Every structure is written in structure tokens, then in C-alpha cells.
There are 2 protein chains.
Amino acid sequence: MKLTSKGRYAVMALVDLARFDNINPVSLRDISLRQGISLDYLEQIFSKLKKNQIVKSIRGKQGGYVLNKNPNDIKLTNIFHAVDEKVKTVQCKKESKKGCNGKATKCITHNLWDELEIHINTFFENKSLKDLLNNNKETRV
Amino acid sequence: MKLTSKGRYAVMALVDLARFDNINPVSLRDISLRQGISLDYLEQIFSKLKKNQIVKSIRGKQGGYVLNKNPNDIKLTNIFHAVDEKVKTVQCKKESKKGCNGKATKCITHNLWDELEIHINTFFENKSLKDLLNNNKETRV
DNA sequence: TCTAAACTTGACCATTTTAGTCAGGTATGT
DNA sequence: ACATACCTGACTAAAATGGTCAAGTTTAGA
């Protein structure tokens with residue numbers, strides 16, 4: 001199981017944004033340069049972040065993006081949800097309470113994968129942008 | 001981030017195996033039928049499980065596979081490692097202690113991804129086949 | 001001894017996902 | 001008016017996924 005770069009980039013970009021948006025909006029071009037992420041790709045990502053009210057955009061010259069919430073209120077789970085980075089451990093539909101893979105019974109390890117999904121999502125729910133900013137100030141290894 | 005079916009199948013197959021290998025070796029054909037997994041695919045998976053000493057094989061008629069260890073000593077992490085299901089959250093090389101993506105400095109969210117990786121791996125290290133067997137007897141929902 | 005069941009190995013492949021690129025827009029501060 | 005920046009959708013090469021297929025070897029049991 002691996003994290004896609006869409007999710008990774010989204011978080012990187014938002015941390016970058018959070019550090020620089022104190023006064024002026026931050027342009028994607030700047031983020032692109034600082035973080036080494038393709039500008040075109042960033043635009044796709046920010047389009048989704050905007051749809052999910054995580055950032056606001058200011059168009060025109062001197063424009064850019066600004067956080068739309070307090071960094072403390074932006075959890076990893078919100079970011080990942082916005083860019084469709086989701087945790088999937090089971091193939092079977094969630095809705096069909098019993099029966100996986102067209103069988104009459106629940107697959108033998110169903111509970112395990114549910115547990116795993118919860119385990120991972122808990123991590124994402126407890127981690128906010130604020131946490132990452134602090135963490136980064138310490139530049140701890 | 002999602003679990004691949006190679007990893008999922010490996011665990012399903014081993015739980016199945018653990019339940020039936022008390023007396024005789026279990027054939028992949030049986031597992032295939034019970035779990036609804038392609039026989040050819042199972043063969044690939046068991047070849048790896050065998051290389052990693054998780055199962056033993058008995059060839060010939062009436063042959064099949066048997067666990068090579070106590071279910072309590074087979075952790076999820078062992079199974080996933082055997083079938084190359086690994087948790088990857090960073091693109092950057094582990095070895096290069098400083099510097100991600102060819103940059104001089106660590107990427108801004110590096111610590112986060114490391115934490116996440118540890119968080120997930122901890123789950124895998126603490127879960128054994130034995131746990132899954134018990135869990136399944138209870139048939140809890 | 002013959003045969004069928006079962007493991008063994010390696011090549012092959014269609015589909016899907018990923019990680020972008022490209023080409024055009026539109027809005028707005030100076 | 002023009003440069004800067006956001007906005008949108010189509011497109012695509014490469015990798016990963018989730019298998020299939022073919023051709024073995026081994027061994028129990030009739």
C-alpha cells in the first residue's frame with residue numbers, strides 16, 4: 001500500500017502555503033518552485049482543494065491562494081478527501097453488510113481490513129496542518 | 001492508499017489454510033474454491049510464501065501446503081513482506097538521510113510520512129494469524 | 001507401472017491507475 | 001493593455017495491477 005503523490009503533494013503544498021500566506025496570497029508558481037512540483041499538476045490539485053473549501057483563490061495579478069480555515073481545523077483527512085486520496089483495504093462494497101465478492105457470507109478477513117482502515121484513518125483525523133507547522137519549526141530529525 | 005489484492009489474498013489464504021491443516025496438507029485448489037481466488041494467482045502467491053518459510057509444500061497427490069510456523073508467530077508484517085506488499089509513503093530514498101528529491105534539504109513533510117509508515121507497520125507487527133483465527137471463531141460483526 | 005493430483009516456474013498480457021503535460025481560456029491589479 | 005495568475009478540460013506515456021497460459025516435475029495410490 002502506498003501513498004500517491006497527489007495526496008503527498010497536496011499536503012506539501014498546503015504546509016508551504018500556511019507558512020507564507022500571512023500577508024499576501026501565495027501563487028502556485030512560488031509553491032511549484034519551492035516544492036519542486038509541476039505547476040500544471042498543482043493547478044489540478046488546488047482546484048479540488050478549492051472545491052472543498054480548504055483554500056480560497058484570489059485571481060489576477062498579485063493573486064494566489066489563501067487558507068480558508070484555521071490550520072488547526074484542517075486535518076489530513078480533509079485534505080486527502082479533497083483530492084480523492086482514500087484509504088481502501090477491501091474490495092467488497094461497504095453497503096452490502098453481509099456478503100463479499102458475491103458470496104453469501106462475509107469474507108474471512110473482512111473485520112481485519114475494517115480495523116486497518118480505521119487505524120489509518122484515525123491517524124489522518126488526528127493530524128492537522130497546525131501540527132505539521134509546529135513540527136517543522138522544530139526541524140527535528 | 002490501497003491494499004493490493006496480492007496482500008489481501010495472501011492473508012485470506014493463510015487464514016483458510018490455518019483452519020484446515022490440522023490433519024492433512026491443504027491443496028491450493030481447495031483454497032481457491034473456498035475463497036474464490038484464481039488458482040494460478042494463488043500459485044504465484046504461495047511460491048513467495050514458501051520462499052519466506054511461512055509455509056511448507058508437500059508435492060504429489062494428496063499433497064498441498066502446511067503452515068511452517070505457529071500461527072502466533074506469523075505476523076501480518078511477515079506475510080506482507082513475503083509477497084512484496086510494502087508500505088510506501090515517501091518517494092525519497094531512506095538511505096539519503098538528508099535531502100529528498102535531489103534537494104539539499106529534507107522535504108517539508110518528511111517526518112509526517114515516516115510517522116505514518118510507522119503507524120501502519122505497528123498494526124501489522126502486532127497482528128498474528130492466531131489473532132485472526134480467534135477473531136473469526138467469534139464471527140463478530 | 002501408470003495416472004491423476006498437486007506443486008513449480010516463467011512468460012505473457014489486458015486493463016487501470018498514476019502522474020503528469022498541453023492548450024486553451026478568464027479575471028484583475030498596475 | 002498587458003502581464004500575472006487562476007481556471008478547465010482533454011490528452012497521454014509509463015507503471016502497476018491482477019491476473020492468464022503453458023509447460024513442466026513430483027508423488028500417492030490403483
Side-chain angles (χ1 to χ4, degrees), chain A residues 1-13 17 20-21 24-33 35-52 54-66 68 80 83-92 101, chain B residues 1-13 17 20-21 23-33 35-52 54-66 68 80 83-91 101:
Chain A
M1 43 188 339
K2 65 165 185 276
L3 197 67
T4 67
S5 47
K6 192 163 263 177
R8 202 182 320 113
Y9 287 169
V11 177
M12 286 172 70
L17 178 58
F20 289 94
D21 83 339
N24 300 314
V26 181
S27 73
L28 293 190
R29 192 171 151 282
D30 286 353
I31 297 180
S32 164
L33 290 173
Q35 301 303 324
I37 304 170
S38 140
L39 176 59
D40 284 314
Y41 203 27
L42 272 181
E43 281 176 344
Q44 282 184 43
I45 292 170
F46 272 76
S47 150
K48 297 186 180 200
L49 292 175
K50 192 189 168 189
K51 273 194 196 114
N52 283 263
I54 292 171
V55 296
K56 274 184 300 193
S57 68
I58 291 112
R59 302 187 67 158
K61 206 171 177 181
Q62 305 300 329
Y65 286 93
V66 184
N68 198 20
F80 283 157
V83 299
D84 304 311
E85 170 87 48
K86 44 199 156 209
V87 179
K88 284 195 74 177
T89 57
V90 262
Q91 216 68 343
C92 6
N101 312 325
Chain B
M1 43 190 335
K2 66 163 185 278
L3 197 66
T4 67
S5 47
K6 193 162 263 178
R8 201 182 319 111
Y9 288 169
V11 176
M12 287 172 69
L17 179 59
F20 288 94
D21 81 340
I23 308 147
N24 300 315
V26 181
S27 74
L28 292 189
R29 192 172 152 279
D30 286 354
I31 297 180
S32 164
L33 290 173
Q35 301 302 326
I37 303 170
S38 140
L39 177 58
D40 285 315
Y41 203 27
L42 272 181
E43 283 174 342
Q44 281 184 46
I45 293 169
F46 271 77
S47 149
K48 297 187 180 198
L49 292 174
K50 192 190 166 188
K51 271 193 196 116
N52 284 262
I54 291 170
V55 296
K56 273 184 302 193
S57 68
I58 291 112
R59 302 187 68 158
K61 208 172 176 181
Q62 304 301 327
Y65 286 93
V66 185
N68 198 19
F80 283 158
V83 299
D84 304 311
E85 170 87 49
K86 44 198 157 209
V87 178
K88 283 195 74 176
T89 57
V90 262
Q91 217 69 343
N101 312 326

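Chain naming here is simple, since letters A, B, ... match the order of the sequence lines and numbering starts at 1 in each. Predicted model, so just to flag it, every value in this text is computed and none were measured.
Residue B:Ser57 has a polar side-chain atom (N or O) positioned under 4.0 Å from OP1 or OP2 of C:dT8. Contact check, B:Tyr9 against D:dG18: no side-chain N or O comes under 4.0 Å of OP1 or OP2.
When rounded to the nearest whole Å, the span between CD1 of B:Ile31 and C1' of C:dA5 equals 15 Å. Between B:Met1 atom CE and D:dT17 atom P there is a gap of 12 Å when expressed in whole angstrom units. Following rounding to the nearest Å, B:Leu28 (CG) and C:dC7 (C1') show an atom-to-atom distance of 7 Å. Across the protein-nucleic acid pair, B:Ile45 atom CD1 and C:dT9 atom P stand 16 Å apart, rounded to whole Å. Per the geometry, CG belonging to B:Asp30 stands 9 Å off P belonging to C:dC7, to the nearest Å. For the pair B:Arg29 CZ and C:dT8 P, the computed distance is 17 Å after rounding to whole Å. In this structure, A:Lys48 places its NZ atom 11 Å from P of C:dT18, rounding to the nearest Å. Atom pair B:Gln35:CD and D:dG18:P shows a separation of 17 Å (rounding to whole Å applied).
Using a cutoff of 4.0 Å between basic side-chain nitrogens and carboxylate oxygens, B:Asp84 and B:Lys6 are not scored as salt-bridged.
Although no hydrogens or angles enter the test, the distance criterion places no donor-acceptor pair under 3.5 Å between the side chain of B:Ser57 and the main chain of B:Tyr65. A donor-acceptor distance shorter than 3.5 angstrom exists from the side chain of A:Arg8 to the backbone of B:Thr89, with no hydrogens or angles considered.
Nucleic acid contact for B:Val26: sugar-phosphate only, since backbone atoms but no base atoms lie under 4.0 Å from a heavy atom of the residue. Contacts of B:Tyr65 with the nucleic acid, taken as non-hydrogen atoms under 4.0 Å apart, involve only primed sugar atoms and P, OP1 or OP2.
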Could you run through nucleotides 8-16 of chain D and give me one letter per nucleotide, 5' to 3': B if any protein heavy atom sits under 4.0 Å from the base, S if only the sugar-phosphate is that close, - if neither?
B-B-----S
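Note that NZ of A:Lys50 and CG of A:Asn68 are 10.0 Å apart. Values are rounded to the nearest 0.5 Å. Rounded to the nearest 0.5 angstrom, A:Lys2 NZ and B:Lys2 NZ are separated by 8.0 Å. Here CD1 of A:Ile31 is found 10.5 Å from CE of A:Met12. Values are rounded to the nearest 0.5 Å.
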Restricting to nitrogen or oxygen on both sides, can you table the protein-nucleotides 26-30 of chain C pairs closer than 3.5 Å?
{"residue": "C:dT26", "atom": "O2", "partner": "A:Arg59", "partner atom": "NH2", "Å": "2.6"}
{"residue": "C:dA27", "atom": "O4'", "partner": "A:Arg59", "partner atom": "NE", "Å": "3.4"}
{"residue": "C:dA27", "atom": "O4'", "partner": "A:Arg59", "partner atom": "NH2", "Å": "3.4"}

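In this structure, the side chains of A:Phe80 and A:Leu3 come closer than 4.5 Å at one or more pairs of heavy atoms. Put simply, the side chain of A:Gln62 does not reach to within 4.5 Å of the side chain of A:Asn24, judged on heavy atoms.
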Exercise answer: donor-acceptor pairs, residues 38-47 of chain B side-chain atoms, under 3.5 Å, sequence neighbours excluded:
{"residue": "B:Ser38", "atom": "OG", "partner": "B:Asp40", "partner atom": "N", "Å": "3.4"}
{"residue": "B:Ser38", "atom": "OG", "partner": "B:Tyr41", "partner atom": "N", "Å": "3.1"}

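Among the nucleotides D:dA5, D:dG18, C:dG20, the one closest to the side chain of B:Ser5 is D:dG18.
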